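Model, not experiment: these values are computed from the prediction. Only this structure's heavy atoms are used, side chains among them; waters, hydrogens and symmetry mates stay out. Starting from 1, each residue takes its place in the sequence as its number.
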Amino acid sequence: MPAMPNARLFAVLFMLTACGGEPAAPVAALDNPALSGSRYPDLSMTPDGNLRMSWLQPAADDVELVRTAVFDGASWTAPLTAASSATMFVNWADFPRVTEYKRGHLIAHWLENAAADSYGYDIRLALSTDGGQNFSDAITPPSAGPAIERGFVSHFPVGDGVGLVWLTGHDTAGHSSHGNVETLLRYAAYSASGELMDEATIDTRVCDCCQTDTVTLRDRVLVAFRDRSLSEIRDIALAEQRAGAWRSLGVAAADGWRMDGCPVNGPAVAANGNTVALAWYTAAADTPAIRIARSTDRANSFSETTLHLGGEPLGRTDIVVLANAEILVSWVERAAPDGARLVVRRYGIHGRPGPELEVARLRSDRASGFPRMQRIGDQLLVAWTEASGDDMQVRTALVQLDALARN
């Protein structure tokens, strides 16, 4: 009998426990609208407290679609198409996103290949004011110079409009050589009608292929990113936008990780009330680890970092902050003999970890992408890419928060 796919196995376990009158399984597979071939999901909260998922879906004639649907805790809406392109640049770590920054107002972004350079690509974005039924023509964010690679975008509300931050790789030697690329952290803001309202360079030297992440607090926006010093130290840094102006908050946590290449592993940041938390991967001192830093004063100061040193982590972190200042962290770690597993762990207010909960088994290579998670009610929705041979599909599961025990 062939091995049962992991997601279907969870579904069977869930039904068996439910039929027997026992408590629901800690992890239960959840059907979703993504079809065969789908990959690289993203999750975000909507203004009314539901979850929006976006993903890449292949179509005929080499066309790629950016699709999106909303989950309200019980069911999914019908999926909508935010973008369609035959020249879309598909990257396992730099995935499209669709977020609802204001009720009914959406932004979608994706990447497009640059014809002049097979390594070059650029950002496209589109806006909707009718809940995603219609999107604007594609917009290209402003450049600060001869950009050859732009990506790793995050979105956030700015007044009645939307802001985005991204990485811009600039060719500092006059030709497309990766060894001569300096990477900036850039910002732009748009009105709902697509008018460019503001732009800025936030940082002039950052790690060149690590994800950015943002969180909106009461009076400011924080962006977390991996910095890059002149001596190639790649620690996690923060910048803030307050009253329309950007300023650096410096290194949030100093690992002292020196690396001559990009680790393709950016930080995740989340907040709840006054608590702000960061999670990221590091291999400082040649020791792969997941690190966590927490602030209880709205990112004015951070506690000492907590390290998770068990297993062989590959990174690809995500984070959720609970109302009681506890945090949930997910990551991918290697599993014998040649695979990986997606795990979630709960950390108490003093940093003490609960047991790990395995959500899924994955391939350890790039095909599995970056799993995402968000809380809805007393559950987590977790999304990832299941890959088998050349077959790929977005999978989702619901994790009971009570299953993530405290210590």
Side-chain angles (χ1 to χ4, degrees), residues 3-14 24-32 34 38-44 51 53-56 71 92-93 95 211 213 263-268 270 277 279-282 288-292 308-320 327-347 353-376 379-388 391-405:
M4 184 177 293
N6 198 50
R8 296 191 183 93
L9 177 58
F10 282 134
V12 171
L13 291 174
F14 177 76
V27 181
L30 173 70
D31 287 339
N32 68 72
S38 57
R39 60 228 191 269
Y40 311 147
D42 185 59
L43 294 172
S44 60
L51 291 182
M53 185 170 77
S54 52
W55 66 93
L56 274 169
F71 181 69
W92 70 289
F95 39 86
Q211 295 81 9
D213 200 9
V264 198
N265 251 304
W280 68 97
Y281 169 84
T282 183
I290 304 300
R291 300 196 76 180
I292 304 155
H308 172 75
L309 295 171
E312 188 180 344
L314 300 172
R316 311 184 200 179
T317 60
D318 207 358
I319 192 166
V320 169
I327 59 177
L328 310 175
V329 180
S330 65
W331 67 88
V332 176
E333 65 181 37
R334 203 174 299 280
D338 57 359
R341 63 192 197 117
L342 169 59
V343 297
V344 180
R345 199 170 199 181
R346 189 171 190 156
Y347 289 81
E356 292 179 5
L357 178 66
E358 182 177 307
V359 176
R361 287 291 174 120
L362 312 172
R363 278 176 31 181
S364 61
D365 61 9
R366 296 179 174 188
S368 296
F370 278 67
R372 304 284 85 189
M373 69 173 181
Q374 286 282 355
R375 179 184 178 181
I376 183 164
Q379 302 176 106
L380 285 177
L381 193 154
V382 185
W384 68 96
T385 303
E386 182 180 85
S388 177
D391 297 329
M392 304 176 79
Q393 187 156 0
V394 170
R395 299 295 185 188
T396 47
L398 290 174
V399 177
Q400 303 298 317
L401 290 184
D402 287 347
L404 296 162

Practice problem: Please confirm whether the backbone N or O of L404 pairs with a side-chain atom of R346, one donor and one acceptor, at under 3.5 Å? | Solution: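 Confirmed, R346 side chain pairs with L404 backbone.
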
Taking all non-hydrogen atoms of both residues, which atom of [X] and which atom of [Y] are closest, and how far apart?
| X | Y | answer |
| --- | --- | --- |
| P371 | G369 | CD-O, 3.6 Å |
| G339 | S364 | O-CB, 3.7 Å |
| Q374 | V320 | CA-CG2, 4.3 Å |
| M392 | A367 | CE-O, 3.2 Å |
| L357 | V27 | CD2-CG2, 3.8 Å |

Quiz item: Residues in side chain to side chain donor-acceptor pair (under 3.5 Å) with S330, at least two apart?
Solution: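 Testing S330 for side chain to side chain donor-acceptor pair (under 3.5 Å), a comparison that skips the adjacent residues, returns none.
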
Quiz prompt | side chain to side chain donor-acceptor pair (under 3.5 Å) against Q379, all qualifying residues, sequence neighbours excluded | solution =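 In terms of side chain to side chain donor-acceptor pair (under 3.5 Å), with neighbours along the sequence ignored, Q379 is linked to Q400.
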
Report yes if some heavy atom in the side chain of [X] is under 4.5 Å from a heavy atom in the side chain of [Y]; otherwise report no.
| X | Y | result |
| --- | --- | --- |
| V329 | R345 | no |
| W331 | V343 | yes |
| L328 | R375 | no |
| L380 | L398 | no |
| F370 | Y40 | no |

Quiz item: How about F95 and W55: are their ring centroids closer than 6.0 Å?
Solution: no

Exercise. Mind checking side chain to side chain contact (heavy atoms under 4.5 Å, CB included) for I376 and listing every partner two or more places apart, or none if nothing turns up?
Key: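 If we apply the side chain to side chain contact (heavy atoms under 4.5 Å, CB included) test to I376, skipping adjacent residues, the hits are L51, F71.
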
Quiz item: Who pairs with A268 by side chain to side chain contact (heavy atoms under 4.5 Å, CB included), at least two apart in sequence or on another chain?
Solution: D213, T317, D318, I319

[atom1]-[atom2] distance between [X] and [Y], expressed to the nearest 0.5 angstrom:
| X | Y | atom1 | atom2 | answer |
| --- | --- | --- | --- | --- |
| D391 | R39 | CG | CZ | 12.0 Å |
| T396 | W384 | OG1 | CH2 | 6.5 Å |
| Q393 | T385 | CD | OG1 | 10.0 Å |
| E386 | R363 | CD | CZ | 10.5 Å |
| L362 | L342 | CG | CG | 5.5 Å |
| I290 | H308 | CD1 | NE2 | 7.0 Å |

Quiz item: Which residues satisfy the salt bridge (charged side-chain N to carboxylate O under 4.0 Å, His left out) test with R341, sequence neighbours excluded?
Solution: E333, E356, E358

Self-check item: side chain to side chain contact (heavy atoms under 4.5 Å, CB included) between M373 and L381, worked out
Solution: CA-CA 6 Å; M373 69 173 181; L381 193 154; over 6 Å; no

Quiz item: For D31, does the CG atom sit with more than 12 other heavy atoms under 6.0 Å from it, leaving out its own atoms?
Solution: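 For D31, atom CG is not crowded (no more than 12 foreign heavy atoms under 6.0 Å).
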
Self-check item: Contacts of type ring-ring contact (aromatic ring centres under 6.0 Å, His included), residue Y347, not counting sequence neighbours
Solution: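 Scan of Y347 (ring-ring contact (aromatic ring centres under 6.0 Å, His included), adjacent residues dropped) gives none.
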
